[in-house]
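First up is the structure itself, then whatever we jot down about it.
First the proteins, then the strands, lettered A, B, ... as listed; each starts at 1.
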Protein chains: 2
Amino acid sequence: MPRLPDPQLAARRRREILEAALVCFRRRGFHQATMQEICAEARVSPGALYRYFKSKSDIIAAIAAEEHAQIEPLFQSLAAGASLLDTLEILAVDWLKKFADDDAPLIADVFAECVRDRELAAEITRNGMALQDRLVEAVRTAQAGGELAADLDPVSIVRLLFATLDGLGFRVAVLRDITPEAAAAELMTMLRRFLSPTAGVISHPQNDIQRIKRAPRRAASKTSQETSP
Amino acid sequence: MPRLPDPQLAARRRREILEAALVCFRRRGFHQATMQEICAEARVSPGALYRYFKSKSDIIAAIAAEEHAQIEPLFQSLAAGASLLDTLEILAVDWLKKFADDDAPLIADVFAECVRDRELAAEITRNGMALQDRLVEAVRTAQAGGELAADLDPVSIVRLLFATLDGLGFRVAVLRDITPEAAAAELMTMLRRFLSPTAGVISHPQNDIQRIKRAPRRAASKTSQETSP
DNA sequence: ACCTGAACACCGTTCAAGT
DNA sequence: ACCTGAACACCGTTCAAGT
């Protein structure tokens, strides 16, 4: 009876190739790095590589999937009673620092690739949504505890937070007109004002004609998917 | 005496090629679209195309350069006394709508290409900064008029605004969990609270240990470049 | 001056052939 | 079962040759 293929070896080979690909992508970006380079770095032939990854963007998907792991400690310290805003500051600095490092090309390429590659986008979305849902829960807790304004949609808050983080990441990586630390500080200044329980809303005499539109305050939804009309 | 090369013809050819490239990029994205396709669409040979654009990404740069034009009316209505926040809402909806259309791949590719292509990044930065500087001026005016909180750095405000717009654009284009209109509404809710002259800052008993960091309130700088340390 | 299109130096991916 | 590496079908770009 023939033995099943060794899963140990397969897993190790996958890891070796992934590690080699990371080196190459960091060095030259996703599109500039060639499969030949990755093969050389991983010391395998092209044929062998295609045993473990069915395409170049399959490698990117695998890398992106692994990225979502080391934020776990943050949720644990949240559970231990840490302030949400202080925890978010740590998250922000961590995230923005990645853009300043040589990871910038990597992240930008993943973004761009997502627009067309539906499978990759689905993978990213799945991971991102999981993280997002946990943060939404944390925001809800903070609202109940009086730390944040209670009249804002938690899903909306988290979406704005993530959007600003992505946008600031782009600035840090491309325009380079601000450091990760300064960007995170600016973000926190904004969040503290935005989310303050006692915040007022602009209503200046000059604006009287045009009524201020408020975002529809619907019942809090379980996942952000439900936010779309 | 030989006549100079006809600038009329050159300009027309450039425009034809640019238009053809736009069709191809919108259809398949920057990297998937081939030069052969663009040549076929523009009805010129590869050799002819390379007379007018020195590379594929040179075409992207030219497209990006043209994009920054139709926002002029917004600044005129601002000069005519329109409220800054109302004007920003129009700007936001316009910008976010582009991501929902077939322009999404185009914009995402420009972003990604910027990370490595330094010339392209410089081109984008130049245009972006010009727009940014004009908005910074508008924010300053609004602050002086009491429409916005006066204790915030105008450069910081505009940077956060642009960052959030870019990040929301990504959500609209890739995750597709929100419409351009809804995203713009969320953004405006945030901006009205964040920029309110009477806004409070979160200072909850639980946060007493960690002092709240404020962005350094330096003398207003002429260009945002000076914001980096 | 302006254009053509075959040719060049690559690229991601496959597959017959080895061990 | 696992791997090799030449071969395949392409790509962006160039350049001798035409008009």
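- Contacts of A/Arg51 with the nucleic acid, taken as non-hydrogen atoms under 4.0 Å apart, include base atoms.
- C/dT13 atom P lies 8 Å from atom NZ of A/Lys56, rounded to whole Å.
- Among the atoms of the strands shown, none is found under 4.0 Å from any heavy atom of A/Ala10.
- Candidate nucleotides D/dC2, D/dA6, D/dG12 were compared by shortest atom distance to the side chain of A/Pro46, and D/dA6 ranks first.
- Using a cut-off of 4.0 Å between Lys/Arg side-chain N and Asp/Glu carboxylate O, A/Arg14 and A/Glu19 are scored as not salt-bridged.
- For B/Glu37 and D/dG12, the CD to C1' distance is 13 Å, given to the nearest whole Å.
- Here the straight-line distance linking atom CD1 of A/Ile38 with atom CD1 of A/Ile17 works out to 9.5 Å at 0.5 Å rounding.
- Distance NE2 (B/His31) to C1' (D/dG12): 11 Å, rounded to an integer number of Å.
- Checking D/dT13, C/dT13, C/dG12 against every side-chain atom of A/Thr34, the shortest atom distance belongs to C/dG12.
- In summary, A/Glu186 and A/Arg171 do not engage in a salt bridge, as defined by a charged side-chain N under 4.0 Å from a carboxylate O.
- Across C/dC2, C/dT14, D/dC3, the shortest atom-to-atom separation from the side chain of A/Tyr52 is found for D/dC3.
- Regarding B/Met35, its CE atom lies at a distance of 15 Å from the C1' atom of D/dC10, rounded to whole Å.
- Going from atom CZ of A/Arg28 over to atom C1' of C/dC11 covers 11 Å, rounded to whole Å.
- By the 4.0 Å N-to-carboxylate-O rule, B/Glu137 lies too far from B/Arg134 to be salt-bridged with it.
- Closest contact between the side chain of B/Leu9 and the listed nucleotides D/dC3, C/dT13, C/dC2 involves C/dC2.
- Looking at which nucleotide of DNA chain D each of A/Gln36 and A/Leu49 is closest to, the 5′-most match is held by A/Leu49.
- Counting to the nearest Å, the P atom of D/dC2 and the CD atom of A/Glu16 are 14 Å from each other.
- Ionic pairing of A/Arg159 and B/Asp177 is present here: one or more N-O contacts between side-chain nitrogen and carboxylate oxygen are shorter than 4.0 angstrom.
- The separation between B/Ile60 atom CD1 and D/dG12 atom P is 13 Å, rounded to whole Å.
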Please, what dot-bracket string fits DNA chain D when only Watson-Crick and G-U pairs with both distances under 3.5 Å count, crossing ones use [ ] and pairs to another strand use |? ||.|||||...|||||.||
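- Counting to the nearest Å, the P atom of D/dA1 and the CD atom of A/Gln8 are 18 Å from each other.
- In this structure, A/Tyr50 reaches the C/dT13 phosphate: one of its side-chain N or O atoms is under 4.0 Å from OP1 or OP2.
- You'll find the ring centres of A/Phe30 and A/Phe25 inside the 6.0 Å limit.
- In this structure, of D/dC2, C/dT13, D/dG5, it is D/dG5 that holds the atom nearest to the side chain of A/Ser45.
- To the nearest 0.5 Å, the span separating CG on A/Leu78 from CG on A/Leu88 amounts to 7.5 Å.
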